[in-house]
Amino acid sequence: MTDFQKWRDLEECLGVDFPTKFRNTFWDNWGGEFEEVIEELPSYLKSHPECHRKMATLNTLAKAIRLGDWPLSPTVTPMEVHNGVYMNKPIGFVDDVVLQGLPSLIQSLVEYRLQGTYICTDFAIAGALATVSACCGNRVRVRAWGNTTFANEYFLLVGPPRTSFKSSVIKTVRELLSEAYPTCIAPDEGSVEGLVRHLREKPSAMWLKVELANLLIAIKGQDYMRHMRPFLLTMFDHTGVYNRTIANNIADLIDPAVSLLSGIQPKVFGEELMSPLYIDSGFTNRLLVVRGDGIEDKWPRIEDAEVLKGQLVTRLRQIANGFPADIYADHIEDDSGIWRGIAVKEFGEYGDVVAQGAHAHIIKVAAILQAADSWPKPHTYIDPRWVAASIALLHRWFTSATALVAETLTKYKGEIIRRDIVAFLSAHGKAGVGEISKSLQLSTRQLKDHIETLEERNTITKVRTSDEAVPLEPAVYVVV
């Protein structure tokens, strides 16, 4: 291999083209064997800042130079300069046309999470977007139609236990953020007061909940959690000052930005989030529902996974330390609005449940993609390609979410009604069919089968008189 070919090999590995003038000048100054020339390259760059700017740092360059003996092995991962940081180029082992249209950083985060696992692509994409969203915090302000929001987002991974690996995705996000931006990770205690205390000190928060079911149960069963649902509803698109009383003191939160990444089982999703309480309040459609399960064949491993992790952490730190920036989205109002209308219509009777918040999700995800590609300047318009990528991704997710909603409503609607019957009886001690019917807004005919089912399960029973066990008329029920 000639010295010229070695130069080209080095350039391909580094992902940059050395200027011809630089290469010739360097060679004339140093001469000698190629390996000796390479050893002098870092010190030469110190005195040539115009060339140094084409690299990341001398330390990173030195690592790249020591990738192996020359000629370089064809298995060496190609590299690229990404916002001044040397990063491995995505390997491209995921054959997914939507993923391939996302920024290089997102693709690399996805490959880092997928490698050596059975995790589905959509879960890894959601984890990558959540990671970048957390690093954006409240520094990326999205302005559209006179309103301002942040690049925060609520991601909900819906999949069966053990085989979908929801917790593995969340664990990786926590691992990366622990190194790149540890102060954004919200406390695990899961109370409104805990989140407010965190946001008072650090106005950007990523809440990582392995199981959302635990939070939903606490909201129903614990008095101190009753404000959590309206609090999360507010934090989804809140800007400015938020006042909250803690221990008789008012806490002023300035531009709080909360992102959420959590998981839930399909059964619990159907029984809890498909209830009128969450649907009618708009809580369900504020969640970006991502449905998935484990794949059959394991993804290949990345040989230099630790090197890639270090590059990802460095890039994420850059985003976390970015200066505040405004992204304008007024120019995409028609595209996202029309698409939402088409999507809601396409998804039929379940469109309002899963796609009513599509407009906001499109803009938030596009802003995340914009920040992942390159940190926006103080006054930036969202790049149309990220809007298109956001729509393509969300259409896929909304389509799968629609199927999930149709399935869970059909399967668990009866369980939701029966649960509400038991809850009503528990709260009132005893009640007749008429009282239950009025409270749940169901006809007595609709209630009949559910009450019989609960009796067969020995969950509720009719109240009987003390003599001759004669049922009261009309029938009165109590919880067993």
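Predicted, not measured: the structure shown is a model, and the values here were computed from it.
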Without swapping roles, check the side chain of [X] against the backbone of [Y] for a donor-acceptor pair under 3.5 Å.
{"X": "Ser281", "Y": "Tyr278", "value": "yes"}
{"X": "Trp386", "Y": "Ile368", "value": "no"}
{"X": "Arg291", "Y": "Thr402", "value": "no"}
{"X": "Thr234", "Y": "Pro230", "value": "yes"}
{"X": "Ser133", "Y": "Ala151", "value": "yes"}
{"X": "Ser204", "Y": "Asn138", "value": "yes"}
{"X": "Glu179", "Y": "Val313", "value": "no"}

With a 4.5 Å heavy-atom cut-off, do [X] and [Y] have their side chains touching?
{"X": "Ile319", "Y": "Trp375", "answer": "yes"}
{"X": "Gln370", "Y": "Val142", "answer": "no"}
{"X": "Leu157", "Y": "Leu261", "answer": "yes"}
{"X": "Leu176", "Y": "Leu109", "answer": "yes"}
{"X": "Phe123", "Y": "Thr117", "answer": "no"}
{"X": "Pro203", "Y": "Asp255", "answer": "no"}
{"X": "Val289", "Y": "Tyr154", "answer": "no"}
{"X": "Asp373", "Y": "Arg385", "answer": "yes"}

| said: Out of the candidates Leu129, Val387, Val132, Leu105, only one should pair with Leu369 under the side-chain contact (heavy atoms from CB on, under 4.5 Å) rule; please name it. | reply: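 Per the side-chain contact (heavy atoms from CB on, under 4.5 Å) rule, the option paired with Leu369 is Leu129, out of Leu129, Val387, Val132, Leu105.
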
Got a second to check how far [X]'s [atom1] is from [Y]'s [atom2], nearest 0.5 Å?
{"X": "Asp237", "Y": "Glu153", "atom1": "CG", "atom2": "CD", "result": "10.5 Å"}
{"X": "Ser167", "Y": "Leu208", "atom1": "OG", "atom2": "CG", "result": "12.0 Å"}
{"X": "Phe231", "Y": "Leu199", "atom1": "CZ", "atom2": "CG", "result": "5.5 Å"}
{"X": "Leu394", "Y": "Lys364", "atom1": "CG", "atom2": "NZ", "result": "12.5 Å"}
{"X": "Ile119", "Y": "Thr163", "atom1": "CD1", "atom2": "OG1", "result": "11.5 Å"}
{"X": "Glu211", "Y": "Ile264", "atom1": "CD", "atom2": "CD1", "result": "7.0 Å"}

Heavy-atom closest pair, residues [X] and [Y]:
{"X": "Ala320", "Y": "Ala180", "result": "CB-O, 4.4 Å"}
{"X": "Arg174", "Y": "Ser178", "result": "O-OG, 2.6 Å"}
{"X": "Lys166", "Y": "Pro160", "result": "NZ-O, 3.4 Å"}
{"X": "Pro187", "Y": "Gly194", "result": "CG-O, 3.6 Å"}
{"X": "Tyr112", "Y": "Lys309", "result": "OH-CD, 3.2 Å"}
{"X": "Pro324", "Y": "Arg141", "result": "CB-NH1, 3.7 Å"}

| request: Would you please test Ile125 and Asp122 for side-chain contact (heavy atoms from CB on, under 4.5 Å) and show each step? | output: CA-CA 5 Å; Ile125 294 175; Asp122 283 337; 4.2 Å; yes

| query | Would you call the rings of Trp299 and Phe93 parallel, tilted or perpendicular if under 30° counts as parallel and over 60° as perpendicular? | reply |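 Ring orientation, 0 to 90° scale: tilted.
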
| query | According to the interplanar angle, ranging from 0 to 90°, do the rings of Phe236 and His361 count as parallel (below 30°), tilted (30 to 60°) or perpendicular (above 60°)? | reply |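 If you compare the ring of Phe236 with that of His361, the planes turn out perpendicular.
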
| task | Determine whether the side chains of Thr239 and Thr148 contain a donor N or O and an acceptor N or O closer than 3.5 Å. | result |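 Note: Thr239 and Thr148 side chains miss the donor-acceptor criterion.
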
| message | Could you tell me if Lys202 sits above the aromatic ring of Tyr181, with its cationic atom closer than 6.0 Å to the ring centre and no more than 45 degrees from the axis? | response |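 Judged by the rule (NZ or CZ under 6.0 Å from the ring centre, within 45° of its axis), Lys202 is not positioned above Tyr181.
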
| query | Given the rule in the side-chain contact (heavy atoms from CB on, under 4.5 Å) test, do Arg139 and Phe323 qualify, once you have shown the distances and angles that lead to the verdict? | reply | CA-CA 7 Å; Arg139 285 175 301 284; Phe323 51 83; over 6 Å; no

| message | As a quick check of understanding, evaluate side-chain contact (heavy atoms from CB on, under 4.5 Å) for Cys135 and Gln318, giving each step before the final call. | response | CA-CA 9 Å; Cys135 291; Gln318 278 190 336; over 6 Å; no

| request: Before giving the answer on side-chain contact (heavy atoms from CB on, under 4.5 Å), spell out for Leu273 and Val158 the whole-Å C-alpha distance, their side-chain angles and the decisive distance to 0.1 Å. | output: CA-CA 12 Å; Leu273 292 176; Val158 183; over 6 Å; no

